[in-house]
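Contents: one structure, followed by commentary.
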Amino acid sequence: MDIGISANTDPTDRSNSPADHQDRDADGDEARLRQNAEYATKVVLVEEHAVRADLENHHQKHQQDQSSQFRLFQIGLEEAFQGRLQELRRGTTRRRGHRRVNTWRV
């Protein structure tokens, strides 16, 4: 007949005591919390890496766009100055719809 009393009746043996069971759960909780913290740290690092890579890609694309826009601006200036230089070489300039002729003689 089993009445729930263990064969070991040593009062100092606490291997089956409720307090021992609670201590083991606390240790298990601590280990789980440590694992969760390590996992969360890894997740944050992966996310940080992804964000940094995305920002770097965005920065490179922005730099390329800026370079392209600057080059187009330079080309526009060169074309505008070349047209103006050609007018000056021909001796005529156009200002506000008027034609100016050089008055000096060769």
Non-neighbouring partners of His62 that pass side-chain hydrogen bond (donor to acceptor under 3.5 Å, both in side chains), sequence neighbours left out: Gln66
By salt bridge (charged side-chain N to carboxylate O under 4.0 Å, His left out) - contacts of Asp54 (at least two apart): none
Residues that Glu47 engages under side-chain hydrogen bond (donor to acceptor under 3.5 Å, both in side chains), provided they are two or more places apart: none
Ionic contact status for Glu87 with Arg90, cut-off 4.0 Å: no
Value rounded to 0.5 Å, distance of CG in Asn57 from CZ in Arg52: 15.5 Å
Set of residues satisfying side-chain hydrogen bond (donor to acceptor under 3.5 Å, both in side chains) with respect to Glu56, sequence neighbours excluded: Gln60
Set of side chain to side chain contact (heavy atoms under 4.5 Å, CB included) partners for Gln64, sequence neighbours left out: none
Listed partners of Glu38 passing side-chain hydrogen bond (donor to acceptor under 3.5 Å, both in side chains), at least two apart: none
Remaining members of hydrophobic cluster (4.5 Å side-chain criterion), Tyr39: Val43
Connected-component partners of Phe73 among ILVMFWY, side-chain separation under 4.5 Å: Leu77, Phe81
Side chain to side chain contact (heavy atoms under 4.5 Å, CB included) partners of Leu33, counting only residues at least two apart: none
Sequence-distant partners of Gln82, side chain to side chain contact (heavy atoms under 4.5 Å, CB included), two or more places apart: none
Partner set under salt bridge (charged side-chain N to carboxylate O under 4.0 Å, His left out) for Lys42, not counting sequence neighbours: none
Set of residues satisfying side chain to side chain contact (heavy atoms under 4.5 Å, CB included) with respect to Ile75, sequence neighbours excluded: Arg71, Glu79
